[in-house]
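In what follows, chains carry the letters A, B, and so on, assigned in the order in which the sequence lines appear, proteins first and then strands, with residues in each chain numbered from 1. No experiment lies behind these values; they were computed from the predicted model shown.
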Number of protein chains: 2
Amino acid sequence: MASVAVENYLKSMWELGPADVATQELAQHLAVAPASATRMLQRLSERGLVAHTPYRGASLTTTGERKALAVVRRHRLLETFLARTLKLGRDQLHDEAERLEHALSPALEAAIDDYLGNPQRDPHGHPIPGPQGELPPEGDVALGDWPLDRPAKVSQVPDRDVEKLAWLEAQGLVPGRELRLVARDPFDGGVTVKLDGKLLQVAASVADEVRVSGEGAT
Amino acid sequence: MASVAVENYLKSMWELGPADVATQELAQHLAVAPASATRMLQRLSERGLVAHTPYRGASLTTTGERKALAVVRRHRLLETFLARTLKLGRDQLHDEAERLEHALSPALEAAIDDYLGNPQRDPHGHPIPGPQGELPPEGDVALGDWPLDRPAKVSQVPDRDVEKLAWLEAQGLVPGRELRLVARDPFDGGVTVKLDGKLLQVAASVADEVRVSGEGAT
DNA sequence: TATAAAGTTTAGTCCCAGCTAAAACTCTCA
DNA sequence: TGAGAGTTTTAGCTGGGACTAAACTTTATA
Ligand SMILES: [Mn+2]
Ligand SMILES: [Mn+2]
Ligand SMILES: [Mn+2]
Ligand SMILES: [Mn+2]
């Protein structure tokens, strides 16, 4: 029903939301000219998928969000499926899923979900929306915001940025890994963590994209 | 590089070739108006993928055939992959592969090929072209053309027609199955086969789409 | 508070790929 | 051989989705 372009716009809107998204931000995220984003927002608004206030920004309607979550679900199921079957590394998953997500029938989506045993998270630790878009509130917190000395477990790593992902992988900072914060740079938000007895400097830009939780941490 | 539409046209040209393909035949195969097929043939001709003689028909150039075989390879690898991992039935494979085949990167194609152990045939028994489009000549022969009483093994079944496929499956007429021809209708080309001691009437339209070979048949 | 800068939308084009209707071609057969 | 039937191409239109340049709003700054 929805074209590849429409699905991509909706997914971007969801990723940048839920607050009003600026035309320019959306355009940048999709590597498209601002004028193109405006045109599309008008079409999406026409179709009731987006609420657009000219010059002010746009946000997903309930219908739009439901469709966006369907794309996110397919994306994350595919990442999980490719990792499980083909043993692809975390840094190879995103780009493949980015294209395949638009070619998955409901039947195949269900078959994959079934095969994987209804997984709750993808290999980056991102939660997988349910068949109707259900997404339980998760208590994960940005690494930079975790209190000092409290044991934590890595729950989410970024999926888009292959550079960061490779570095995290090399340092062993992957979902499931336990660590503690030993220091926080008060200016730029960078942190020093201890994992496996070793100290590691994590830049603010990276710490922003890694999420942790206290669940199951010793 | 090539759009979904272009890839589909090339694949259809290959399936209908190698002789000159009529505009109408191509259009029908793609469920498109003849005028649309003409337009596309002109564009493909412009790009050197097709040799088109107005009012006479068109055929793939070497470059065009190479690209077509790349699509066929992805299609058949995907069918094999989905069957192996998700245990999808032979009748569920084609439609899914039809869309996914356009979203497969060279890296993922290679990973799947590797995972499957470089399969030579897909679940319908169709040969899978190699990475460079290599397709060894195969000696399989239409079921209707097989001599009487000589043992044969089913090597290929159709993939597009879910009806026929379901019937074949129900009768046990699947790749690998051994059988003998016991009679041939001289008028319409239908045949009677014996498999597992039981006799079975096979209509000409079905017998045309099933291929057999003598290899490994007792 | 006026004006400049930044952000957004409109206007005008382009390409792709589909459609219908009309014109052109080819083939067959009387 | 020359209609008429069938096939193919051309002509003209549509919609999706991209672009640049120009116009318009909003926001920031002097
Ligand atoms: Mn991803
Ligand atoms: Mn992910
Ligand atoms: Mn197929
Ligand atoms: Mn097949």
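- The separation between L49(A) atom CG and dG16(D) atom P is 13 Å, rounded to whole Å.
- OP1 or OP2 of dT9(D) sits under 4.0 Å from a side-chain N or O of T38(B).
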Solution key, residues 104-133 of chain A side-chain donor-acceptor pairs under 3.5 Å, sequence neighbours excluded:
from	atom 1	to	atom 2	distance (Å)
S105(A)	OG	A107(A)	N	3.4
S105(A)	OG	L108(A)	N	3.0
S105(A)	OG	E96(B)	OE1	3.0
S105(A)	OG	E96(B)	OE2	2.5
E109(A)	OE2	R73(A)	NE	2.7
D113(A)	OD2	R73(A)	NH2	3.2
D113(A)	OD2	N118(A)	ND2	2.8
Q120(A)	NE2	N118(A)	O	3.0
R121(A)	NH1	G125(A)	O	2.8
R121(A)	NH1	D140(A)	OD2	2.8
R121(A)	NH2	D140(A)	OD2	3.3
D122(A)	OD1	H124(A)	N	2.7
D122(A)	OD1	G125(A)	N	3.1
D122(A)	OD1	H126(A)	N	3.0
H124(A)	ND1	E79(A)	OE1	3.0
H124(A)	NE2	R90(A)	O	3.0
H126(A)	NE2	V157(A)	O	3.1

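- Distance from the side chain of Q42(B) is smallest for dT10(D) among the nucleotides dT20(D), dT10(D), dA17(C).
- Contact between R184(A) and P147(A) at its shortest, heavy atoms only, is NH2-CA, 4.0 Å.
- Distance from the side chain of R43(B) is smallest to dA17(C) among dT20(C), dT9(D), dA17(C).
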Between protein and nucleotides 11-15 of chain D, what N or O pairs are separated by less than 3.5 Å?
none

Grab the N/O contacts between the protein and nucleotides 22-26 of chain D below 3.5 Å, and write none if there aren't any.
from	atom 1	to	atom 2	distance (Å)
dT26(D)	O3'	R56(A)	NH2	2.9

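- Look at NE2 on H102(A): it is 12 Å from P on dG17(D), rounded to the nearest Å.
- Nearest heavy atoms, G57(B) versus H52(B): O-CD2, 3.3 Å.
- Residues of residues 5-32 of chain B that place a heavy atom closer than 4.0 Å to DNA chain C, in numerical order, are A5(B), Y9(B), V32(B).
- The CD atom of E46(B) sits 15 Å away from the P atom of dT9(D) (whole-angstrom rounding).
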Name each donor-acceptor pair under 3.5 Å that joins a side chain in residues 15-37 of chain B to protein atoms two or more places apart or in another chain, with its distance.
from	atom 1	to	atom 2	distance (Å)
E15(B)	OE1	R160(B)	NH2	3.4
H29(B)	ND1	S12(B)	OG	3.0

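- Here dA18(D) presents its C1' atom at 15 Å from CG of L41(A), a figure rounded to the nearest Å.
- Taking both residues in full, the closest heavy atoms of E7(A) and E101(A) are given as OE1-O, 4.2 Å, listed atom of the first, atom of the second, then distance.
- Considering only side-chain N and O atoms, H52(B) lies under 4.0 angstrom from the phosphate OP1 or OP2 of dT9(D).
- Of the inter-residue distances, the one linking H94(A) atom NE2 with L165(A) atom CG reads 10.5 Å to the nearest 0.5 angstrom.
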For this session: Decide yes or no on side-chain contact (heavy atoms from CB on, under 4.5 Å) for W167(A) and Q171(A), but give the supporting numbers first.
Result: CA-CA 6 Å; W167(A) 183 82; Q171(A) 310 307 320; 3.4 Å; yes
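- In this structure, the side chain of T61(B) engages the main chain of L49(B) through a donor-acceptor pair within 3.5 Å.
- Residues A103(B) and L100(A) come closest through the heavy atom pair O-CD2, 3.6 Å.
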Please list every donor-acceptor pair under 3.5 Å in which a side-chain atom of residues 201-210 of chain A meets a protein atom from a residue at least two apart or in another chain.
from	atom 1	to	atom 2	distance (Å)
Q201(A)	OE1	T192(A)	OG1	2.4
E209(A)	OE2	K164(A)	NZ	2.9

